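Step one of this worksheet: look at the structure below.
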Amino acid sequence: MDGYDAHSIEKKWQEVWETEQAFHVDDPTPGEEKRPRFYQLEMLPYPSGHLHMGHVLNYTLGDVVTHFRRRTGHEVLRPMGFDSFGLPAENAAIREGGNPLEITERNIASISNQMRRMGWAIDWQRVVSAHEPTYYRWTQWLFLEFLRNGLIYRKEAPVNWCPNDQTVLANEHVVDGRCWRCNAIVEIRNMAQWFFKITAYADELLADLDTIDWPERTKKIQTNWIGRSEGAEVLFRVEELDLDIPVFTTRPDTLFGATFFVVAPESPLVDRLVEGTELAEEVRGYARVAGARPTEEREQREKTGVFTGRYAVNPVNGARIPIWVADYVLMEYGTGAIMAVPAHDERDREFAEAYDLPVVEVVSDDGTLVNSGRFDGEDWQQAKRSIVEWLGEHGKGSPAVNFRLRDWSFSRQRYWGAPIPVIHCDACGIVPVPEEQLPVLLPEVDDYRPKGKPPLATNEEWINVECPQCGGPGRREADTMDTFVDSSWYFLRYCDPHNAEAPFLREKVDAWMPIDQYIGGIDHAKGHLLYSRFFVKALNDWGMLGFREPFQRLFHQGWVKLAGKRMSKSQGGVSPDQLIDQFGADPIRIYILFQGPADQDIDWTPDGIEAMVRFIRRLWRVVGDAARQPESPAGVDTPLARKAHETIRRVTDDIGRRFVFNTPIAAVMELVNELSKTPEDPAARFAAETAVSMLQPWAPHVCEELWGVLGHSRLWESPWPSFDESKLQRDTIELVLQVNGKVRDRVQVPAGLPEAELIAQARASEKVRSFVDGKEERRVIVVPDKLVNIVI
RNA sequence: GCCGGAGUGGCGGAAUCGGCAGACGCGAUGGCCUCAAAAGCCGUUGUCCUUCGGGGCGUGUGGGUUCGAGUCCCACCUCCGGCACCA
C-alpha cells in the first residue's frame, strides 16, 4: 500500500458518487416509506465566482449531519441551489461589461465544480437557481397569490433609499443607518413601493417562536425586531373640530398626568389642526422642515416643537391640554400622536422643561396613584387595567397592542431580479398579469445602470403592453423583486424541483417539510429567517401546505476570520480552491470543524491544516498495519476494544444529541493513538474499522479508500457503528481519594465494591493517611465506583 | 439605557448531571533516526516552591451555598451581539 495521496483518492471517489448519483433521494411514495425522512439544509449560496471559507464551514457541517443521518437509517434530502438574482452580478456587468446572465451562469458552473471538489453529499438532481424562468415563474405566481389574498399592496411611503446602489432597501437591510451591502448612508425618500403585509402575522411570528428549536439569541433578535408592546388606545377629543385623535400608550395608569399632546410633523393631522388659523403658516413651516430631517439627525438634536393653538380633552379628567407638533414623535410608530406625561416619561419631561409646560406627578414613589381622582391609592399595575376598563365603559379607549415591525418593502429599482408581474393601466389601475402569461420574462436591456428610473423602464418595447382587462394601453411594472422573495420559498421548491404545473405539490412538500435541521449565518436572523416564516404561514392559510413553521431546528455556524476579520466573498481571504490543490479536501474538512464548536468564530491558521494532513497520514499508516492483522474475533474484549466502543458512544452522542463536531474528531484521534500503541491487540482491526467508519462524515474520501483497504466497500451507505453497552463495563475502576475535597491519591479497585469497602481502601492509602493521621475525622463522603472524600 | 451571549495554559479548545481542570491539537523545547534534510518516532511543556518524595496556588473580579464549584446563587468588570426619541 502506497502513501496517502489526497488528490487521486478524492478524484476517484468523487467520480464514483457522481456516476452512481449516490446522494440522490427519490420522492417519497405515500404509505411505502421504509425509513424515516430527514431534511437537512444549509442556506443557499449567492453565486459569486468562488466559495469562501465560510461556505466551507457551512456546507461541511451540513455534510457531516447528512452522512450521519443517512448512515443511521434516515432517508435524507440534502439539496443545493443558488440565490442567483441580485446586485453583485449586475454591478459586475456594469463594471466589466458583459451581462448578468452570463456572469451568473459562469459563476454557478465554477462554484458547483468547487462543491464537487469538496466532496459534499448533495442531491445534484434537485438544483434550483432563482434566476431561471422555470423558478421565477413560480416566484411571480406566488406574488399574484399574495396580491389576491391582500398580503401585497403598493403605497407611496417614506422608504430607505441607497444612493449608491440606486434602489430601495427593506428596513431589515439598513444597518446603523447604512446599506448592508455597500455601506452607503441611506436616505429616506417618499416613493410608491410594493410591500408585503408581514405585519398581519406579527403576533403569530412572535408567538410561534415557542414552537421551534432555535438558538435563544436568534429568537431574541426576532422578538426585538417584532417589538410587541401592550397598552391601550385612548381617544383625545378636539372639540372645536369635532375630531377624536387616538393615541397609543403602554402606560394608561399615567393618563391623569397627561399635560400636553404632541403630533408628529409628518402627520396629516397637522394640516387639519391649523387650517384657517393665524398659526397655520408657522406650524406648517415647522412641520415641513422638521419632518424632512433625517431620523439620525432628529435623534441627536435637542427636541423642538411648536404650539398649534388647539387643545385636546383628556378623557379621564376633562382637562384641556395644548396640542403641539414636535419632532420627537415618530409617524411610523403608533398613531403618530402621543399624550405627553412629563412626570413619568423622560422624553416628555425633556420637552416640557424646554418649553415650560406643566408637570403633574400621578404615580408616587411607592407605586400608588396620586392626583388621579377616583383611582388615587391604586397600585399602578392594577390601575393600568382599571383605567382602561373605565375608558371602555365610556367609549374613550380600549386595550391595544402595537408592533415595531413594519411591512416588508420588496420592490427594487434594479435590473437583475424577477419582474413584478403586474400592468399599470390608466383605466383599470393595477392589473395582475394573467397566470397563463407567466413567466414575465426578464428582457434584455442596453444599459444596466439605474439612472433615476429602473433599467427595465428604458425598454420601450417590453414595457408597453395592452391592459389584460380593458385592452387599452398599459405599462408593465419596471421594478423587480428583492432576492429575499426568491429565498423565502426555495426550500419548498427543492421538494418538487421540476414541477411545471405548480410551484410544488403539497403532498411532496408535506412529506419532507419542515426542515429538520437548517444551518446558516445569524446575519439572516431578522431578514430571510423572518420572511420565510411569514411565507409559510401565509401559504398554510391558503391550504398550499400543511405546517406553520419552515425550520424546526436552526443552527448558526461561526465566522471564519483571517487576522480578526471576517472572510467573505467581498473580502477575498483564503481560497478553498488553492487549499484543495495544496492539501486535498479531506484535511480542509476536518480542519474547519476541529478548531472548536461550530457556532464559534474561527481564526484561520495554515498550521492547523497541516496538522490534519499529519493526522490523516498517521491514520493511513495505522490502518494499513491493522489491515495486516487477523480479523478481530466477535465480542473481543480488550482495553483497545473497550476504547473503540467508548468512542462509538461518544461520537454518536456528540453528533446526534449534542450537535458538536470538534470533540468527535478528538475522540477518533485518541482511538487512533491507542491503536498505534498496541498494533497487535486482537481488537486492532476492529479499532481500525471503527475509527475509519466514524471519521467518514468528516473525511469521506480517505475513509472510503481505507474502508476498502480493510476489505469492505461502500462505506457511504454502510450502517453507522453501534456500541455494546456491556463492553463499557469495567472490572476495575480508578477510585479517587480526597481529603477535604482535595485529591490525594488514586487507586485501582474492583468495580461495584460496597461503601464500607471503599472507605477501607481510602484509609489504607499511605498518602491519605499522611493527611488524616492524628486528626479527627468528621465525615466521609462516598460516590460509588468513583470517589471517597474524608473530611477532617 | 433595555435585552441576550461569552470570559479556562503561549494559542485553538476539552471537562455532557456539582466529583481527577487543561482531553485532542497547535506552538515551543530536549532526544532518537539520517552524511544531511524531509517524513516519522520517544520525552517535557499551567504557575510558583522543592531536600525531586512531593507541596502551595490556579478557570475575568469579589462574595456565598456545598464534604467538594470552571459548572449553582448574588454583586461587579470586560468583550461580542440585538433593540433604542417605539410613547
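These numbers were taken from a predicted model, which means no experiment stands behind them. In what follows, chains carry the letters A, B, and so on, assigned in the order in which the sequence lines appear, proteins first and then strands, with residues in each chain numbered from 1.
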Do the side-chain N or O atoms of A/Arg614 get closer than 4.0 angstrom to the phosphate oxygens (OP1, OP2) of B/A38?
-> no
Test item: A/Arg533 side-chain N/O and A/Leu205 main-chain N/O as donor-acceptor pair under 3.5 Å | yes
Under a 4.0 Å N-O cut-off, is there an ion pair linking A/Lys396 with A/Glu233?
-> no
Is there a donor-acceptor pair closer than 3.5 Å between any side-chain N or O of A/Trp620 and the backbone N or O of A/Leu706?
-> no
Option among A/Trp180, A/Trp408, A/Tyr531 that satisfies the side-chain hydrogen bond (donor to acceptor under 3.5 Å, both in side chains) test with A/Glu172 | A/Tyr531
Looking only at side-chain N and O atoms, does A/Arg744 come under 4.0 Å of OP1 or OP2 in B/G54?
-> no
Which residues within residues 660-672 of chain A lie with some heavy atom under 4.0 Å of an atom in RNA chain B?
-> A/Asn662, A/Thr663, A/Ala666, A/Met669, A/Glu670
Whole Å only: how far is the CG atom of A/Asp345 from the P atom of B/C86?
-> 8 Å
Can you find a side chain N or O atom of A/Lys742 that sits less than 4.0 Å from OP1 or OP2 on B/A69?
-> no
Closest listed nucleotide, where the reference is the side chain of A/Val743 and the choices are B/C20, B/C83, B/G40 = B/C20
Could you check A/Gln738 against A/Asn789 and say which one's nearest nucleotide on RNA chain B is further toward the 5' end?
-> A/Gln738
Report which part of the nucleic acid A/Phe771 touches: base, sugar-phosphate, or nothing (heavy-atom distance under 4.0 Å, all strands).
-> sugar-phosphate
Could you check if the base of B/G64 is syn or anti? Syn means the glycosidic torsion is within 90 degrees of 0.
-> anti
Given B/G56, B/A87, B/A84, which nucleotide is nearest the side-chain atoms of A/Leu330?
-> B/A87
Donor-acceptor contact present, side-chain A/Lys767 to main-chain A/Asp745, <3.5 Å | no
Is A/Arg658 touching bases, backbone alone, or none of the nucleic acid, heavy atoms closer than 4.0 Å?
-> base
Distance test, side-chain N/O of A/Lys526 to OP1/OP2 of B/C83, below 4.0 Å = yes
Identify whether any heavy atom of A/Ile338 sits under 4.0 Å from a base atom; if not, whether one sits that close to sugar-phosphate; answer base, sugar-phosphate or nothing.
-> base
Could you tell me whether A/Asp327 and A/Lys303 have a side-chain N and a carboxylate O separated by less than 4.0 Å?
-> no
Could you work out which one of B/A39, B/G4, B/C67 sits closest to the side chain of A/Lys220?
-> B/G4
Counting heavy atoms from C-beta on, name the nucleotide in B/C83, B/C24, B/G19 closest to the side chain of A/Phe594.
-> B/C24
Given B/G13, is OP1 or OP2 found less than 4.0 Å from the side-chain N or O atoms of A/Gln600?
-> yes
Options B/G82, B/A87, B/G25, nucleotide nearest the side-chain atoms of A/Asn673 | B/G25
What form does the base of B/G9 take, syn (within 90° of 0) or anti?
-> syn
Is the distance from OP1 or OP2 of B/C86 to the nearest side-chain N or O of A/Thr250 less than 4.0 Å?
-> no
Is the A/Trp324-A/Phe351 ring centre distance short of 6.0 angstrom?
-> yes
Under 4.0 Å: is that the gap between some side-chain N or O of A/Arg347 and OP1 or OP2 of B/A87?
-> no
Tell me the stems RNA chain B sits in, counting at least three consecutive Watson-Crick or G-U wobble pairs, each under 3.5 Å on both distances.
-> B:1-7 with B:77-83, B:10-12 with B:24-26, B:27-32 with B:40-45, B:46-49 with B:54-57, B:60-64 with B:72-76
What does A/Pro597 touch in the nucleic acid at a heavy-atom separation under 4.0 angstrom: a base, only the sugar-phosphate, or nothing?
-> sugar-phosphate
Name the residue closer to the 5' end of RNA chain B, choosing between A/Val736 and A/Lys303 according to the nucleotide with the nearest heavy atom.
-> A/Val736
Could you tell me whether a side-chain N or O of A/His556 sits under 3.5 Å from a main-chain N or O of A/Asp599, the two making a donor and an acceptor?
-> no
Strictly below 4.0 Å, heavy-atom distances to any atom of RNA chain B: list the hits from residues 647-657 of chain A, or just say none.
-> A/Asp653, A/Arg657
Within a strict 4.5 Å, meaning less than it, do heavy atoms of the A/Val359 and A/Thr259 side chains meet?
-> no
